[in-house]
**Q** 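Attaching a single structure in structure tokens format; questions to follow.
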Amino acid sequence: MIQVFGASWALFLGMFLLMIGNGLQGTLLGLRGEMEGFSTLELSIVMSAYFAGFLFASKMVPRLIQRVGHVRVFAALGSTISAVLILYPTLAEPWAWTIGRVAIGFCFCGVYVTAESWLNDASSNETRGQSLSVYMIVQMAGIVCAQYIVSRGDVGGYVLFIIPSVLVSLAFAPILLSVKPTPAFDQTKPMTIRRLIAASPLACFGMFMLGGVFSAQFGMSAVYGARAGFSVGEISLFVSSIYVAALIAQYPIGWASDRMDRRVLIVAVCVIGGLGALMGTVLPGSLWVALVAGALVGGTSNPLYALLIAYANDYLEREDMAAASGGLLFINGIGAIAGPLIVGAMLDAFGPPGYWAFLTFLLGVVAIYAVWRMARRSRSELDIDSVPYAQVGPATTPIVAEMAQEWYIESEDQDPAQ
């Protein structure tokens, strides 16, 4: 892993700075919106807008890269991000923030796709799995560092909006100056959603529900913390607990995934996460309860994303794996757009417990559906070849998803017994 980091340190440094910038603006807008007097509905629309932009970009940016090249796309999207981040405090209106969040979501997805295509190009068959692991660590570390910066700044001022703009701008330097400027790029052929659902109903259903979970964590956690009466430092600590737990839990869940029926593991992690969310529902208002609940939900839902992708690939032909990744991302993105809107309604109707009730419902429904699928078809009735678990996070773009698919295929070739 040290060798992988040394070979692509510029990419990882750039992505680390990008994740700090993205993590900052996500939490900061929730806090500043509360201070500006935005209603819950207005904030939920603002937060949903990011995922709408992200979803559109996952389809459009690959075409832009093929048309004008990586460098131009990277520079154009990056400069737009910096401009929007600075404009947020000067146009503190829900409609302006909604437009800005669509643009930010689109641009961040495009920047990720561009940078990750370089990462994929720099990875060999032997290092692709390790590259995914390091990339996952870098993503989580960036988001956690962002929460520390938020806790030390003035939410009501301009500095915290300038910092992510600067970090995003600085992120371009190591990437553009240290990597090959024109990596190979082939757009993945799509797979129809109907065909994907037929191959793995549980994976598709789970990905849709997880979209709501992720958007609640990334977009509405700061709003929940503000409604629960937490200080800025406490909200930052709460958000950090989600991602630190996710990073810690990835390996043990991945280890178990390769050694047991994945449906049983899906049920187990959903039950654990659901119980954590239920604890937050029953015992609201306590910071320590929120930290434990956030860690349990984050530590299960984030690895569950990679677990569902691996489970779907168990039922796909090798040549279909890359195409399936785009369909799973689309399903997850639709759920992510709806998530903040529903969380906002739950917060208005039930107060802070509504946030946890929403997460309890989503994870509980996935667990119930997985049990129902197991009752319909036993493992012995299925003719499948299990693929290895790969660490893939919820901020996935088509490039990283395709890297994971290549890792599945290559690992299968190296160890047919899997």
**Q** On a heavy-atom basis, which atom in Pro340 and which in Ser215 lie closest, and how many Å separate them?
**A**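 That closest heavy-atom pairing would be CD-OG, 3.2 Å.
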**Q** Which residue is it: Val168, Leu85, Ile99, Leu29? I am looking for the one with a side chain to side chain contact (heavy atoms under 4.5 Å, CB included) to Ile104.
**A** Leu85
**Q** Distance from Ile242 atom CD1 to Ser221 atom OG, nearest 0.5 Å?
**A**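 Answer for the CD1-OG pair, Ile242 versus Ser221, is 5.0 Å.
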**Q** Give, for atom CG of Leu363 and atom CD1 of Ile368, the distance between the pair rounded to the nearest 0.5 Å.
**A** 11.0 Å
**Q** Between the side chains of Asp261 and Tyr311, is a donor N or O closer than 3.5 angstrom to an acceptor N or O?
**A**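 Not at all, the side chains of Asp261 and Tyr311 share no donor-acceptor pair under 3.5 Å.
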**Q** With side chain to side chain contact (heavy atoms under 4.5 Å, CB included) as the test, would you mind laying out the steps for Phe51 and Phe214 before giving the verdict?
**A** CA-CA 10 Å; Phe51 301 100; Phe214 294 145; 5.9 Å; no
**Q** Can you name the closest pair of heavy atoms from Ser200 and Ala203 and give their distance?
**A**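 Smallest heavy-atom distance, with atoms named: OG-CB, 3.1 Å.
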**Q** Counting N and O atoms only, with roles assigned by atom type, does the side chain of Glu42 sit under 3.5 Å from a partner on the main chain of Ser39, one being a donor and the other an acceptor?
**A** yes
**Q** Is Ser236 reaching over with its side chain to a backbone N or O of Gln147, donor-acceptor style, under 3.5 angstrom?
**A**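 Present.
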**Q** Should the pair Tyr88 and Trp97 be assigned to parallel (<30°), tilted (30 to 60°) or perpendicular (>60°) ring geometry?
**A** perpendicular
**Q** Can you find a heavy atom in the side chain of Leu196 that is under 4.5 Å from one in the side chain of Ile331?
**A** yes
**Q** Pairs of donor and acceptor atoms involving the side chains of residues 265-287, under 3.5 Å and at least two apart or interchain, shall be tabulated with distances.
**A**
from: Thr281; atom 1: OG1; to: Ala277; atom 2: O; distance (Å): 3.0
from: Thr281; atom 1: OG1; to: Ala357; atom 2: N; distance (Å): 3.2
from: Ser286; atom 1: OG; to: Trp288; atom 2: N; distance (Å): 3.4
from: Ser286; atom 1: OG; to: Val289; atom 2: N; distance (Å): 3.4

**Q** Roughly how far, to the nearest 0.5 Å, is CG of Leu237 from CG of Leu291?
**A**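 Result: 5.0 Å between the selected atoms.
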**Q** According to the side-chain hydrogen bond (donor to acceptor under 3.5 Å, both in side chains) rule, which pairs have a member within residues 336-346, sequence neighbours left out?
**A**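 Pairs touching residues 336-346 that pass the test: none.
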**Q** Keeping Glu34 on the side-chain end and Gly30 on the backbone end, is there a donor-acceptor pair under 3.5 Å?
**A**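 Flag not set: sc Glu34 to bb Gly30 has no pair under 3.5 Å.
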**Q** Assess whether ring pair (Phe, Tyr, Trp, His ring centres under 6.0 Å) is satisfied between Phe205 and Tyr369, documenting all intermediate values.
**A** CA-CA 8 Å; Phe205 182 79; Tyr369 185 73; 4.6 Å; yes
**Q** Applying the side chain to side chain contact (heavy atoms under 4.5 Å, CB included) criterion to Val150, which one of Leu24, Ile235, Val239 satisfies it?
**A**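 The single option meeting the side chain to side chain contact (heavy atoms under 4.5 Å, CB included) with Val150 is Leu24.
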**Q** Are Val292 and Leu296 close enough that some pair of their side-chain heavy atoms sits under 4.5 Å apart?
**A** yes
**Q** Quick one: does Glu234's side chain get under 4.5 Å of Ser231's, heavy atoms only?
**A** yes
**Q** CE of Met60: more than 12 outside heavy atoms within 6.0 angstrom?
**A** no
**Q** Could you give all pairs that pass the side-chain hydrogen bond (donor to acceptor under 3.5 Å, both in side chains) test and reach residues 338-348, with sequence neighbours left out?
**A** Thr40-Asp348
**Q** Answer yes or no: is there a side-chain heavy-atom contact under 4.5 Å between Asn302 and Gln217?
**A**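 With C-beta onward as the side chain, the pair touches.
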**Q** Phe238: what forms a ring pair (Phe, Tyr, Trp, His ring centres under 6.0 Å) with it, not counting sequence neighbours?
**A**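 Listed in chain order: Tyr224, Trp356.
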**Q** Treating Glu36 as the side-chain partner and Gly33 as the backbone partner, does any N or O pair qualify as donor plus acceptor under 3.5 Å?
**A**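 Side chain of Glu36 to backbone of Gly33, a donor-acceptor pair under 3.5 Å: no, none is there.
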**Q** Might you point out which heavy atoms bring Pro352 and Arg227 nearest each other, and give the distance in Å?
**A** CG-O, 3.6 Å
**Q** Say you draw a straight line from CD1 of Ile197 to CG of Leu202; how long is it, rounded to the nearest 0.5 Å?
**A**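 Ile197 CD1 to Leu202 CG: 12.0 Å, rounded to 0.5 Å.
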**Q** For side chain to side chain contact (heavy atoms under 4.5 Å, CB included), just list the numbers for Leu210 and Ser301, CA-CA rounded to whole Å, side-chain angles, deciding distance to a tenth of an Å, and then say yes or no.
**A** CA-CA 7 Å; Leu210 273 183; Ser301 62; 4.0 Å; yes
**Q** List the atom pairs, with distances to 0.1 Å, where a side-chain N or O of residues 154-167 and a protein N or O form a donor-acceptor pair under 3.5 Å, not counting sequence neighbours.
**A**
from: Asp154; atom 1: OD1; to: Gly156; atom 2: N; distance (Å): 3.0
from: Ser165; atom 1: OG; to: Ser82; atom 2: O; distance (Å): 3.2

**Q** Applying ring pair (Phe, Tyr, Trp, His ring centres under 6.0 Å), run through Phe350 and Tyr355 and close with a yes or a no.
**A** CA-CA 8 Å; Phe350 305 105; Tyr355 175 85; over 10 Å; no
**Q** State, with a plain yes or no, whether a side-chain heavy atom of Ile342 is found less than 4.5 Å away from one of Phe358.
**A**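 Ile342 vs Phe358: side chains touch.
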**Q** Look up atom CE in Met220 and atom OG in Ser44, then write down how far apart they are to the nearest 0.5 Å.
**A** 5.5 Å
**Q** Tell me, do Gln139 and Phe16 make a side-chain contact under 4.5 Å, heavy atoms counted?
**A** no
**Q** Distance from Arg32 atom CZ to Leu43 atom CG, nearest 0.5 Å?
**A**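 The CZ atom of Arg32 sits 12.5 Å away from the CG atom of Leu43.
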**Q** Sub-3.5 Å donor-acceptor pair from the side chain of Arg101 to the main-chain atoms of Val46, do we have one?
**A**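 Such a contact is found between Arg101 side chain and Val46 backbone.
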**Q** Given the rule in the side chain to side chain contact (heavy atoms under 4.5 Å, CB included) test, do Tyr243 and Leu247 qualify, once you have shown the distances and angles that lead to the verdict?
**A** CA-CA 6 Å; Tyr243 294 99; Leu247 185 59; over 6 Å; no
**Q** Quick one, Phe106 with Thr80, criterion side chain to side chain contact (heavy atoms under 4.5 Å, CB included). Give me CA distance, side-chain angles, the key distance, then yes/no.
**A** CA-CA 10 Å; Phe106 184 95; Thr80 302; over 6 Å; no
**Q** When you measure from the side chain of Asn332 to the backbone N and O of Phe208, does any donor-acceptor pair fall under 3.5 Å?
**A** no
**Q** The criterion is side-chain contact (heavy atoms from CB on, under 4.5 Å); which residues satisfy it with Tyr148, sequence neighbours excluded?
**A** Ser151, Arg152
